[in-house]
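One structure below.
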Amino acid sequence: AIPAYQDYIAKAQATEAFSLLDGLKTPLAEAISGDIATGCASPTGAVTGGKYLSGIGFAGAGTTLCTLTATYATTGVSSKVSGKTVTMTFNSTTGAWSCTSSLATEVKPKSCT
């Protein structure tokens, strides 16, 4: 029962990054549609950190890709999420988002492969 509970806790902590990144998709896509060189940045008032995250980084200004990388904290979190990352990338040419993560399979949502 204890390993199942530990997986449950890790999954709950892992959801924080996905929730915050999902909330950034629309404002970023709208900003990038105007100019990716300036649009690939933290929207004004955006939440870029949380209880289990050390922060969210933005990269790709001036390219066709805008990459958001959420990095989990290394203390106060499950060892299954500690220091791991979730990366969501917006391709301004196709208008599609993709997701990758260094999270363990048992913790990572199926929507992020």
Side-chain angles (χ1 to χ4, degrees):
I2 291 175
Y5 180 71
Q6 290 171 334
D7 282 352
Y8 172 79
I9 294 297
K11 285 179 185 181
Q13 292 173 350
T15 61
E16 183 176 59
F18 294 95
S19 296
L20 292 176
L21 291 172
D22 281 344
L24 293 170
K25 284 181 176 180
T26 300
L28 278 173
E30 289 173 355
I32 290 169
S33 69
D35 180 12
I36 197 162
T38 58
C40 187
S42 178
T44 303
V47 177
T48 58
K51 185 174 181 179
Y52 307 115
L53 291 179
S54 62
I56 297 175
F58 297 79
T63 70
T64 59
L65 302 176
C66 178
T67 303
L68 311 176
T69 303
T71 304
Y72 292 93
T74 55
T75 58
V77 296
S78 166
S79 61
K80 292 186 178 188
V81 300
S82 178
K84 304 288 194 238
T85 60
V86 175
T87 303
M88 289 196 180
T89 303
F90 179 71
N91 184 323
S92 64
T93 305
T94 64
W97 285 92
S98 61
C99 177
T100 58
S101 177
S102 62
L103 289 168
T105 304
E106 65 268 13
V107 176
K108 182 173 32 176
K110 290 180 173 66
S111 62
C112 184
T113 55

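- The ring pair (Phe, Tyr, Trp, His ring centres under 6.0 Å) pairs that include a residue from residues 70-89 number zero, where partners must be two or more places apart or lie in different chains.
- Considering every non-hydrogen atom in both Thr67 and Cys40, the closest pair reads N-SG, 4.1 Å.
- For residues 82-113, the set of pairs meeting the disulfide (SG to SG under 2.5 Å) definition, not counting sequence neighbours, comprises Cys99-Cys112.
- Of the inter-residue distances, the one linking Ser101 atom OG with Lys84 atom NZ reads 9.0 Å to the nearest 0.5 angstrom.
- For the salt bridge (Lys or Arg N to Asp or Glu O under 4.0 Å) condition, no pair includes a residue of residues 91-101, sequence neighbours left out.
- Between Leu28 and Ala41, the shortest heavy-atom distance links the atoms CD2-O, 3.2 Å.
- Note that the OG1 atom of Thr85 and the CG atom of Leu68 stand 12.5 Å from one another [nearest 0.5 Å].
- Leu24 has its side chain out of reach of Phe90: every pair of non-hydrogen atoms, C-beta onward, lies at least 4.5 Å apart.
- Considering every non-hydrogen atom in both Ala10 and Val81, the closest pair reads O-CG1, 3.7 Å.
- Residues forming a side-chain contact (heavy atoms from CB on, under 4.5 Å) with Ser79 (at least two apart in sequence, or on another chain): none.
- A heavy-atom distance below 4.5 Å is found between the side chains of Phe18 and Leu103.
- A side chain to side chain donor-acceptor pair (under 3.5 Å) check over residues 8-21, counting only residues at least two apart or in different chains, returns nothing.
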N/O donor-acceptor pairs under 3.5 Å from side chains in residues 48-59, not counting sequence neighbours:
| from | atom 1 | to | atom 2 | distance (Å) |
| --- | --- | --- | --- | --- |
| Ser54 | OG | Thr71 | O | 3.1 |

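- Not counting sequence neighbours, the partners of Thr93 by the side-chain contact (heavy atoms from CB on, under 4.5 Å) test are Thr64, Asn91.
- Residues forming a salt bridge (charged side-chain N to carboxylate O under 4.0 Å, His left out) with Lys80 (at least two apart in sequence, or on another chain): Asp7, Glu106.
- Applying the salt bridge (Lys or Arg N to Asp or Glu O under 4.0 Å) test to residues at least two apart or on different chains, none of the pairs has a partner in residues 68-78.
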